[in-house]
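Computed from a prediction, not measured in an experiment: that's the story for all the values here. Both backbone and side-chain heavy atoms feed into the values below; hydrogens, waters and symmetry mates do not. Chain letters run A, B, ... following the sequence lines, proteins first, then strands; residues in each count from 1.
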Amino acid sequence: MLIDYEKELNPAQYEAVLTTEGPLLVIAGAGSGKTRTIVYRLAYLVEQGIPPASILLLTFTRKASQEMLGRAGELLGMGMNAVRGGTFHSFAFFLLRKYAHLLGYENGFTVLDRSDAEGLIKQAKEELDIAKGDRSFPKKSTVISLLSQARNKEMDLGDILRQDAGHLDGYREDILRLEKRYKELKTQYQVVDYDDLLFVLEKLLISHPEVLEQERAAYQYIMVDEYQDTNRVQARLVKLFAGNTGNVMAVGDDAQSIYAFRGANIQNILDFPDVFPGTRVIKLEQNYRSVQPILSLTNAILAGSQQKYTKKLFSQKESTRLPEVVKPLSDSTEARLVVAKILELEKEFPLHEIAVLFRAGYHSYALEVELNKMGIKFQKYGGIKFSDAAHIKDALAFIKLVANPLDLPAFRRAFSGIKGVGPKTCERLFHALGAGDRDTIDKACRKNAAIRTVMDLLDSLRESSPTPLSALEAVYEYYKPLVEHRFPDDYPRRISGLDELAQIASPYKDIETFLADLTLENPDQLGSSNMSQDQLILSTVHSAKGLEWSAVILINLVEERFPSRHAMNSAEEFEEERRLLYVACTRAREYLGLFVPSALYNRYYQSNDPAMPCPFLQDIPSHLFTEFKETYGGRTVGVGAGQKTSAPAFSGTSPLSSSPSVSSATTPTTCRHKIFGQGKIVERIDPDKYKINFPGFGLKVIVRDYVELLDE
DNA sequence: CGACGCCCTATTTTT
DNA sequence: TAGGGCGTCG
């Protein structure tokens, strides 16, 4: 035997690795060596003589599966490329493409990404003349979310609207009409969206038993990671592939289920032993990631729940450092305190070992501004996607047209880049092309030579059936010169983004796979170009799933934000927010900082409204953390018993005083203004401006010269 | 018809 | 804050 499994694994992990036959459910707590277990199990299977090609490994991201296969390959000293691995969606795409001829897709098919789908909704809206001039009609992205929610939960759209979107009651009929038209358009253009991938695959397998037999036989061993976040179709697909005697392992953690909004059904993992009789259940409860004080806190978060979770984690990593709760005056001062904390942590950990997590993408805007000011480099996960950037979409539009010449949205994009060509002209050209109306086209080309240029470019590309890279290079020859015009503010960054896209494209042989991977995988995780740099990580909690850092800071832990105000409709949603906080906190190995601003800045009223702390924090006994408060002077001081003089993290001098751009330590807290009288300084916006709260007048931003600064 | 600028409104999480 | 609707000008 090459690997001493018993020595390298703990007893529970060892048992999971050696249980290869029959159904197996592994309940793997956060940081309990889940990945390690899967990696060793892959290695073990191959060592037992199982051909890698007959193993199917379904994970939440492809990066996760690549990491596991890479590590298993190292262990064995051989490549594991033959293992089929990836997400449900990419695996479904792979199979659907293989059997596209059975599904009536003539020229293959394209997968719509989110913005493509939104484009179809927009088109449907225009065609049906819905919501004209109505600014409160839900945005296309909202509509798409609703349609997707309905499908993933396998519920009627009308019911979803009633249940989760009561405020859209008046638009119910229109939204239902949009749904119908959206479906028709997908069929017409031979495109599928994310959700279709799963449902169409299921339909294929059921309606073609010979296909099912063949694929079932191909995969003798199935492993599914993050099972708590699968939805109902995904569970049915697993069942279909595993058959009745199947060797199927599901790995997951009921306490980390955070995708109910997407139809994830916690029942899947709980019911697994019923669906597969004879299931062996193994729990991994020893945590190897976090120090015990962090685990004590996360256990307390779960303990506050009505729901009973299946296990309790423990760690052997001791530490005297307690998690910290920091209470800034407001969310705007929070950003600066977080930066100060990061500077402090940076002495102890490399920047890429520090992460700031938040509930929603936009919660980090203030922090991003502050980080830029201070010149701290960061990488954001779960923000705007790489392929959503306008210049990337532009370039891809041409590539899409090579794969599918009648892709109207891509056509619009490619041609409306030409000066003097707008939506109407695009539409006219598109219809003329579809109808073979050479006259109209020739006329348009004569009027605007650029139209001819683009058409020739596309024609020549289509003829030569290029690789994605060579196609991009040809497109760039035309497109790159336009970038400076189109994005005068930041074209150098855009150009390098295009080069990055070419990098990503380079290993691909055919355009369809390239495009599908781009929509099916988060390119943040595909391209590794800037991963190596030492950068701070900003991430939504959802995108942080499965990752870990030495130091983790959570921001905006107040009601309305965390939990999200949208998650307060039902007990189930509320419970999911608790698990979300649990997931966030269990990402931390050594340092955990929870930032709870006392007030939220309200742009609408230009005021700071008091905010309630995240309710789950109330469930944590106060001896499990150290608490700090920000003073009006911008300093951070310890509160409560045991703090007294020397707080280990924010001691004595203000952490802000070390920052060059803001010197709050010397900023007085009060001042006097000729008209408004005496007020409290809330924030120093820049060296010459203060935000001041004047009793009776509210918050004002005042230039320094107009106020008389009083002592501290 | 297209380009541009103004104003209103509604703000979650992702494959 | 930005996406989208609408008005205005070229």
Side-chain angles (χ1 to χ4, degrees), chain A residues 58-64 86-93 111-115 117-118 122 125-126 131-142 144-145 148-149 151-152 164 167-168 192-198 226 229-231 233-234 257-264 357-363 365-366 368-369 381-385 387-388 390 416 418-428 444 447-448 516-525 539-545 556 560-569 573 576-577 579-581 583-584 602-604:
Chain A
L58 295 172
T59 51
F60 206 69
T61 64
R62 193 179 30 182
K63 191 183 157 211
T87 63
F88 274 94
H89 289 87
S90 64
F91 179 58
F93 175 75
V111 184
L112 298 177
D113 71 9
R114 173 96 192 203
S115 62
E118 287 173 5
K122 189 179 174 193
K125 229 158 124 183
E126 281 161 9
K132 240 191 162 172
D134 182 352
R135 281 182 173 132
S136 22
F137 193 86
K139 288 198 292 211
K140 54 192 164 87
S141 63
T142 313
I144 279 294
S145 302
S148 176
Q149 216 183 115
R151 294 201 73 200
N152 279 294
D164 297 335
H167 59 292
L168 301 178
V192 296
D193 61 22
Y194 289 123
D195 307 327
D196 290 326
L197 287 168
L198 304 177
E226 307 281 13
D229 285 323
T230 53
N231 64 21
V233 224
Q234 288 170 330
S257 161
I258 55 173
Y259 278 95
F261 71 93
R262 197 171 87 178
L357 307 184
F358 31 85
R359 174 69 237 270
Y362 70 92
H363 288 170
Y365 287 166
E368 288 170 45
V369 170
Y381 292 169
I384 303 161
K385 279 206 183 152
S387 49
D388 267 354
S416 59
I418 301 167
K419 223 160 86 189
V421 177
K424 281 283 181 301
T425 312
C426 280
E427 205 140 313
R428 236 187 23 243
K447 210 168 122 195
N448 194 335
D517 272 10
L518 224 41
T519 52
L520 262 26
E521 295 291 330
N522 191 344
D524 282 350
Q525 306 177 333
S539 175
T540 59
V541 179
H542 283 90
S543 297
K545 171 167 153 156
N556 277 311
E560 298 275 286
R561 297 214 173 161
F562 204 147
S564 162
R565 92 180 103 212
H566 304 282
M568 304 297 280
N569 300 319
E573 284 178 317
E576 177 148 316
E577 298 289 307
R579 292 192 296 266
L580 204 49
L581 181 65
V583 168
N602 186 327
R603 275 181 228 99
Y604 195 71

Proximity of A:H566 and A:F261 rings by center, below 6.0 Å:
no
Under 5.5 Å and under 30°: A:F261 stacked on B:dT13
yes
[X] [atom1] - [N] [atom2] separation (whole Å):
| X | N | atom1 | atom2 | result |
| --- | --- | --- | --- | --- |
| A:N231 | B:dT13 | CG | P | 20 Å |
| A:Y362 | B:dT12 | OH | P | 6 Å |
| A:R561 | B:dT12 | CZ | P | 12 Å |
| A:Y194 | B:dT14 | OH | C1' | 8 Å |
| A:K139 | C:dG5 | NZ | P | 11 Å |
| A:N448 | B:dA3 | CG | P | 11 Å |
| A:H89 | B:dT14 | NE2 | P | 14 Å |
| A:N152 | B:dT14 | CG | C1' | 10 Å |

[X] vs [N]: side-chain N/O to OP1/OP2 distance below 4.0 Å:
| X | N | result |
| --- | --- | --- |
| A:S148 | B:dT15 | no |
| A:H542 | B:dT14 | no |
| A:S543 | B:dT14 | yes |
| A:T519 | B:dT15 | no |

Look at the side chain of A:H542 and the backbone N and O of A:I258, then say whether any donor-acceptor pair between them is shorter than 3.5 Å.
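Confirmed, A:H542 side chain pairs with A:I258 backbone.
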Contact summary for [X] and [Y], nearest pair of heavy atoms:
| X | Y | answer |
| --- | --- | --- |
| A:A584 | A:V541 | CB-CG1, 3.8 Å |
| A:N231 | A:G263 | CB-O, 3.0 Å |
| A:S90 | A:T87 | N-OG1, 2.9 Å |

Would the base of B:dT14 count as contacting A:R114 through its side chain, where contact means a donor and an acceptor less than 3.5 Å apart?
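In this structure, the two groups form a donor-acceptor pair.
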A:Y259 near the nucleic acid: base, sugar-phosphate alone, or nothing, with a heavy-atom cut-off under 4.0 Å?
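Here A:Y259 touches the backbone only, sparing every base.
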Between N or O atoms, less than 3.5 Å apart, protein on one side and nucleotides 6-10 of chain C on the other: list the pairs.
residue, atom, partner, partner atom, Å
C:dC6, OP1, A:G133, N, 3.0

Where does the angle between the aromatic ring planes of A:F60 and A:Y259 fall among parallel (under 30°), tilted (30 to 60°) and perpendicular (over 60°)?
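Taking A:Y259 first and then A:F60, their aromatic rings sit tilted (interplane angle of 30° to 60°).
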Mapping A:G422 and A:A360 onto DNA chain B by nearest heavy atom, which one lands closer to the 5' end?
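Here A:G422 is the residue nearer the 5' end.
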On DNA chain B, check which nucleotide each of A:K424 and A:R262 is closest to and give me the residue with the more 5' one.
A:K424
Are A:E427 and A:K424 close enough for a salt bridge, meaning some N to O gap below 4.0 Å?
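Salt bridge between A:E427 and A:K424, a charged N being under 4.0 Å from a carboxylate O: no.
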